[in-house]
Every structure is written in structure tokens, then in C-alpha cells.
*Asks:* 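Sending over a structure as C-alpha cells; questions will come in a sec.
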There are 2 protein chains.
Amino acid sequence: MTAAQIARDVIDRLESGGFAPGQRLVEADLCLRYAAGRQIIREALQHLNALGIVALEPNRGAHVVHVSREDAIMTLELTELLFGLVSRSAARRIAAGADASRLDAAIDELMQSSQSDDRALYMRARRHLFGALSQIAGNAELSRIMDQVRVHAMRAQFGFADFRKGHAQELAEIGHTVMAGDSANAEEQARKYVRSIREALQQL
Amino acid sequence: MTAAQIARDVIDRLESGGFAPGQRLVEADLCLRYAAGRQIIREALQHLNALGIVALEPNRGAHVVHVSREDAIMTLELTELLFGLVSRSAARRIAAGADASRLDAAIDELMQSSQSDDRALYMRARRHLFGALSQIAGNAELSRIMDQVRVHAMRAQFGFADFRKGHAQELAEIGHTVMAGDSANAEEQARKYVRSIREALQQL
DNA sequence: AACCCCCGGATTGTCGACAATCTGTTGACA
DNA sequence: TGTCAACAGATTGTCGACAATCCGGGGGTT
């Protein structure tokens, strides 16, 4: 197993509650769990540290960082901006003739997975949708940032009740607006989508 | 020397032209340059990879990624949004009573260093100013993202003629608006500042 | 000359061992 | 009983060595 795969798995476990905030991540334990050498584990931990998911104190080891509600709200504020920008850029690109097939496929995948009970499947479909949007938007830097922020946004939402069916529908609609090349509406819909999540979180 | 310090130094060299885009970064060479073990060097390279500054191909080593003009322009688009958000948030926080002393000090440092001929000094002062703004804005996630994007924004501007004196003045004014707690104007000034750089770049 | 196989040098990837550091506990002492 | 220092166990940090992989060149064949 490579360091990137391990980091990915840790993130998945965070999103599904397998690792708790504040939990210590001891290298030796992870070595056993993933049957990997310490080198690989350290690499993965440093990657997670760069993503801001894990804190790495010298000689003290790694632990999952805690996300306060204020953090969550501000992360969603940031997500609103970025998701809006990505959607607008992608729509503009498509209007200019960019290939939309990957986005189309991602929308299908999302709608199908939202019917299933497999949460991991849905999460992956979601990732693919955002990935397709980022890719179409055509800026590597923006994609990179979006990837990072999305993980934090997922953590910010963690614990919410079932946000699946309705949100899948809403996301699909955003995808369709992007495919239609309507950049202004795509941005507004994307921002509204994130905003509604943030406001729900604020009223808790 | 720690991995973080080495990564910092590599970034500085990029900003001052010491490392060229596309240049290979061979571990053994860096070991000699920084008198460090390979472990440390690899750590630094992975950190730079996470920042999107160097590409890391398996078994092929690391090289400095190339920044196309389109990339630079879209990075500055992103920077405009983020710098605006940071400035607005910081101003709001200060209006609500947050401590502004660090920002005040950073503005002084910037103005002083802009008189000097030491480019590295000016760059550090700039970093401190943005750091102070991020810190006052009060969201760790946003700070993290800003740190990353700022490095890319610097690279995007690289090669520009002397952008120091006028820009230092403009940055200081933004800082003062933030300290006055005027969030709307702070955001607009910050965005305008980045926008003017982007537009100058577009007309090349 | 064009093509392909194979090899040597250079470089990266991984492992095991040891040193450095931290944490909690024990026991002496006021 | 409360405090402090030393110790033991656990954990992280670093080094050196070796294995795996890639790249360019040499020689043979068609």
C-alpha cells in the first residue's frame, strides 16, 4: 500500500467516523493496520499534516485535529467561494467547447449511488463530481485547493443526519447548469447549495 | 536544518530565481547543499509536492513545476477572492475588538523594508503582513490555504519588473483600512490590488 | 542505417537498527 | 501528605545500507 492510499483511507475513516477527532495516530499501530513500513506511514502522516487534518508535534506524534463549530462555519464560507468559482469557470469552459463527458458520467454515478445504501459509494461519486468540475475548470491550482477544502468541508458537515437524497438532486442540478454553460446561474446555485448547509449548521 | 526550513529556503530561491522551473531536484545534491540526511530532504520535497510547487514522479525524482501564463492568471483570480475574504474577515474581527498590534507592526516592517535594497527582507515583511491578516481573520483553514496560494501568486508574478515601492504603499493602505475595521472597503481594496496585478499580467 | 536487447551508472524506494525525546511512575525526602 | 528527581517504557527522529527502478549507450542483427 502506498502512502497516498493510506492517507486516502484515513480520510475515508474520518468521514465515516472510524477515527475520532483528537485521537492519537501512533506510527507502530498504523504499521500493523496497513502492513506497511514506518517510512510509508510517516509519509502518509506528513501528507495529512499538510492537508491540515492531522497535527504533528515534534517528538510527540500525530493526532487528528479537532474541528470546532466556528471552524466548520468558516470552512463552509470558504467552500462557498471556491465551489462557486469552480462552477462558474467550468460552465464558461463548457460554453467555450470543453469536453463535458466526464461531468455527465459523474452526474449519473451520483444519482445511481444516491439510491444505494452504500455510503462510501456515494462519497466517491461526490468526489468524482467535484473532480470533474475542477478538471473542466482547467486550473491545477484551483483543483488542488478544492480537493483540500472539500475534505475539510466534509468534516465540517460530519454528524449531520442523512444529507444524501436531497443533496444529490441539488448537486445534479448544479451539474446540469454547468453543462448548459450557464456560468452565472451555475455559480449562484453552487453558492446557494453550500450556503444552505452552512446556515443549517449555524442554527444548531 | 529541519525539513520545514529547507522547504522554506527552496521557496525563497524560487521567488528569487535561484531555482528554475523544470529544474530537477536530486536528493543527493540537496543533501550536500543543506548538509542534511536524505530522510530530511525527502520530507521537504514531499512538503513542496503537497504545496504543488514540485512534481514528484515515482522512481523519477522531483522537479520544479512550470507555471504557464494561464495558470498564473487563474491563480491570481483565486488570490483575488481569497485575499478579499481574508481582508474582510480581519476587518470585521478588528471592529469586534480583536488585537491589531501584530498587523500594525507588520505594516511598519513592510514600509521600512520597502526602502531597503534587500529583496529578501521585503519578501519576509510581505509574508508577515499576510500572516497577520490571516491570523486576525481567525480561521486556521483559511490561513493554511492563503499560505499556499500566496506562494503560487508570488511565482505567478515572478519576472515582473520592480513592483516594490508602489505596491508596498498600496498594501499598507489595505492594512490601515483593515485596522479601521472597514470590512467592505478592505475587501474591495484588497481585490483591486490583486486585480490590477492580474490585468497587468494579462496585457503582456 | 535502423532497430532491438542488454548492461552499467545514477537515482529513488524501503528496511532495520539505534539514538533522542517524551510520559507516567516510583520512591525518597521535607 | 506534597513535591521533586530519577528511572523505565513507549514513541518518534535519523542514519546507513541495500534493493528496485530508470535512463542512456554499446553492440549485434537485419
Side-chain angles (χ1 to χ4, degrees), chain A residues 1-14 18-67 140 144 147-148 151 155, chain B residues 1-14 18-67 140 144 147-148 151 155:
Chain A
M1 229 180 178
T2 78
Q5 289 171 320
I6 293 173
R8 175 77 258 160
D9 186 77
V10 170
I11 291 174
D12 286 345
R13 281 172 197 275
L14 280 173
F19 285 136
Q23 178 170 347
R24 281 191 68 193
L25 298 175
V26 178
E27 293 178 5
D29 295 348
L30 299 176
C31 285
L32 293 179
R33 179 194 294 270
Y34 294 108
R38 271 184 63 208
Q39 201 101 214
I40 310 293
I41 297 297
R42 293 180 120 256
E43 219 170 282
L45 287 175
Q46 273 159 22
H47 187 212
L48 291 169
N49 178 59
L51 292 177
I53 295 171
V54 156
L56 220 51
E57 290 167 279
N59 289 314
R60 305 276 316 277
H63 63 91
V64 180
V65 305
H66 183 75
V67 182
R144 223 174 39 75
D147 274 354
Q148 294 184 25
V151 172
R155 293 194 71 199
Chain B
M1 230 182 178
T2 77
Q5 288 172 321
I6 292 173
R8 176 75 258 160
D9 186 76
V10 170
I11 291 175
D12 287 345
R13 282 173 196 275
L14 280 172
F19 285 136
Q23 179 169 348
R24 281 192 67 193
L25 298 175
V26 178
E27 294 178 3
D29 294 349
L30 299 176
C31 285
L32 292 178
R33 181 194 292 269
Y34 294 108
R38 270 185 63 207
Q39 200 101 213
I40 309 294
I41 297 296
R42 296 183 116 252
E43 218 170 284
L45 287 176
Q46 274 159 20
H47 187 212
L48 291 169
N49 177 60
L51 292 177
I53 295 170
V54 313
L56 221 50
E57 290 168 278
N59 289 313
R60 306 274 318 274
H63 63 91
V64 179
V65 305
H66 182 75
V67 182
R144 222 174 40 77
D147 274 353
Q148 294 185 24
V151 173
R155 292 195 69 200

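Heavy-atom basis, side chains included; hydrogens, waters and symmetry copies ignored. To find a chain, count down the sequence lines: A is the first, B the second, and so on, and within it residues start at 1. Since we're looking at a predicted model, the values are computed, not measured.
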*Asks:* For A:Ala50, does its backbone N or O pair with a side-chain atom of B:Arg144 as donor and acceptor, under 3.5 Å?
*Replies:* yes
*Asks:* What is the distance from CG of A:Asn59 to C1' of D:dT12, rounded to the nearest Å?
*Replies:*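 A:Asn59 atom CG is separated from D:dT12 atom C1' by 6 Å.
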*Asks:* Separation of B:Glu57 atom CD from C:dG13 atom P, in whole Å?
*Replies:*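 Result: 11 Å.
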*Asks:* Is there a side-chain contact between B:Glu27 and B:Arg42, using heavy atoms and a 4.5 Å cut-off?
*Replies:*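 Yes, close enough: below the 4.5 Å cut-off.
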*Asks:* What integer distance in Å separates B:Arg24:CZ from C:dA10:C1'?
*Replies:* 9 Å
*Asks:* How far apart are the closest heavy atoms of A:Gly22 and A:His63, and which atoms are they?
*Replies:* O-CB, 3.8 Å
*Asks:* Where do A:Ala62 and A:Leu56 come nearest, in terms of heavy atoms and distance?
*Replies:*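 Looking at all heavy atoms of both residues, the shortest contact is CB-CD1, 3.3 Å.
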*Asks:* Between D:dG13 atom C1' and A:Glu27 atom CD, what is the distance in whole Å?
*Replies:*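 Interatomic distance, CD of A:Glu27 to C1' of D:dG13: 9 Å.
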*Asks:* Tell me the closest heavy-atom pair linking A:Phe19 and A:Leu14, and the distance in Å.
*Replies:* O-CD2, 3.5 Å
*Asks:* Show each protein N/O and nucleotides 5-10 of chain D N/O combination with a separation under 3.5 Å, one pair to a line.
*Replies:*
none

*Asks:* Which pair of non-hydrogen atoms, one from A:Val64 and one from A:Ala20, has the smallest distance, and what is that distance?
*Replies:*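 The answer is CB-O, 3.6 Å.
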*Asks:* To the nearest Å, how far apart are A:His63 NE2 and C:dT23 P?
*Replies:* 12 Å
*Asks:* Give the minimum heavy-atom separation between A:Val54 and A:Asn49, together with the two atoms involved.
*Replies:* O-OD1, 2.9 Å
*Asks:* Measuring from the side chain of A:Arg60 (C-beta onward, heavy atoms only), which nucleotide among D:dT12, D:dC22, C:dC22 has the closest atom?
*Replies:*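 Selected nucleotide (nearest to the side chain): C:dC22.
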*Asks:* Can you name the nearest heavy-atom pair linking A:Ala7 to A:Leu48, along with the distance?
*Replies:* O-CD2, 3.9 Å
*Asks:* Within residues 29-46 of chain B, find the residues that approach DNA chain C with a heavy atom at under 4.0 Å, and present them sorted by residue number.
*Replies:* B:Arg38, B:Arg42
*Asks:* Please report the distance, rounded to the nearest Å, between CG in B:Leu25 and C1' in C:dT11.
*Replies:* 13 Å
